[in-house]
Each structure stands twice: as C-alpha cells, then as structure tokens.
Amino acid sequence: MRTSGHTAPIDVRVERGFRLEVLRYGPTTGFVPEPVDLRIVSGPREAIRVIRVQLRASHALGLAPHEATRALHWADQGGWVQALGALHRGEPCGFVLRLSKGRHIEWTVRPLRYLTLASPSATVAGDNAGRCRPQ
C-alpha cells in the first residue's frame, strides 16, 4: 500500500483549562488515592461550582456534624472565594474533609495547559470538530 508523502496541515493551539480531581483515601486501600471524580473544565468558576455542588451534597457521605458544618461553610459562606482567587492567579486550590473510619476525601483544582488539534476542514463541521482534550 502506498501512502502520499503529503500530510494534511493541522491547526495546533495551546489552551488553558483546569483539572478537577476528587480523591478518597482510606485504610482499606492503604491510603492509596481512589479516584471519585476527574474532569477538565474550561474556567475557574466552573471548577468551583462543581466543588460547591458536591460539598452541599456531602451529607450523604456520612460526615460528622463538625465536618458537615465545615463543608457547608466553605460552599456557602465564602471559603470558595479564596479558592477562586487562587485559580485566577494560576495557583492550585483544594479542600479536604474527614470521613468516618479514618477515611478522608480531597478536592483539588489545578490550572493546566493543553493542546487542541484541528484539521483545516474542522471549521466546515463546526469549531469543536477534530478537537482533542485530555481525558
């Protein structure tokens, strides 16, 4: 099979985003991190919104009253504001809650840069055609 010596040009762009990780640690796994959630979001507000929603629902994790109060305070009383500021400055942020039986759960957001790859024909199909994002 013969192939052409010509390759189609590819539009490569460096874009910015934020990596949101939620990890659970516990004695049953030897405190090795167990992924709960991992996603790439486009902006700092979106990352903080995800954490706030998850913290508001954290009562389902069986939190002690003190930890439930901390979670709700961070989500509703402004702890998230400092985290949002850190992300806007390009710094990572995070929040940790202690669960029952020696376990804990950690939310972390880190700024990142990634490449998008698009063929010139991608504009015909729309802006998002041919884009590659980290999984």
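Note that this is a predicted model, so its numbers are computed, not measured.
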Would you check if [X] and [Y] make a side-chain contact, meaning some heavy-atom pair closer than 4.5 Å?
| X | Y | result |
| --- | --- | --- |
| Arg70 | Leu63 | no |
| Leu55 | Trp107 | yes |
| Val22 | Val50 | no |
| Thr108 | Arg110 | yes |
| Leu38 | Leu20 | no |

### Query
For Lys101 and Thr28, what are the C-alpha separation, side-chain angles and deciding distance, and is it a side chain to side chain contact (heavy atoms under 4.5 Å, CB included)?
CA-CA 10 Å; Lys101 300 177 184 170; Thr28 58; over 6 Å; no

Do [X] and [Y] sit in the same hydrophobic cluster, where Ile, Leu, Val, Met, Phe, Trp and Tyr count as joined when their side-chain heavy atoms come under 4.5 Å apart?
| X | Y | result |
| --- | --- | --- |
| Val36 | Leu97 | yes |
| Leu23 | Val32 | no |
| Val96 | Ile51 | no |

Using 0.5 Å steps for rounding, measure from the [atom1] atom of [X] to the [atom2] atom of [Y].
| X | Y | atom1 | atom2 | answer |
| --- | --- | --- | --- | --- |
| Trp80 | His73 | CH2 | NE2 | 13.0 Å |
| Asp37 | Arg24 | CG | CZ | 11.0 Å |
| Ile10 | Leu115 | CD1 | CG | 11.0 Å |

### Query
What's the shortest heavy-atom distance between Pro33 and Tyr25, and which atoms?
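Scanning both residues, the minimum pair turns out to be CB-CE2, 3.5 Å.
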
### Task
Search all heavy atoms of Val109 against all heavy atoms of Ala47 and return the closest pair with its distance.
CG1-CB, 3.8 Å

Which side-chain N or O atoms in residues 81-93 pair as donor and acceptor under 3.5 Å with protein atoms at least two apart or in another chain?
residue	atom	partner	partner atom	Å
Arg89	NE	Glu91	OE2	3.3
Arg89	NH1	Gly85	O	3.4
Arg89	NH2	Glu91	OE1	3.3

### Task
Please list, chain by chain and in numerical order, all residues satisfying salt bridge (Lys or Arg N to Asp or Glu O under 4.0 Å) with Glu46, sequence neighbours excluded.
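With neighbours one apart ignored, the set is empty.
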
### Task
Return the set of residues passing salt bridge (Lys or Arg N to Asp or Glu O under 4.0 Å) with Arg98 (not counting sequence neighbours), or none when no residue passes.
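Scan of Arg98 (salt bridge (Lys or Arg N to Asp or Glu O under 4.0 Å), adjacent residues dropped) gives Glu67.
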
### Message
What I want to check is whether the side chains of Glu15 and Thr116 have a donor and an acceptor closer together than 3.5 Å.
### Response
yes

### Query
Has the side chain of Arg52 got a donor or acceptor atom that lies under 3.5 Å from a matching backbone atom of Ala75?
yes

### Query
Parallel under 30°, tilted from 30 to 60°, perpendicular over 60°: which one fits the rings of Trp74 and Phe95?
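The rings of Trp74 and Phe95 sit tilted, inter-plane angle from 30° to 60°.
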
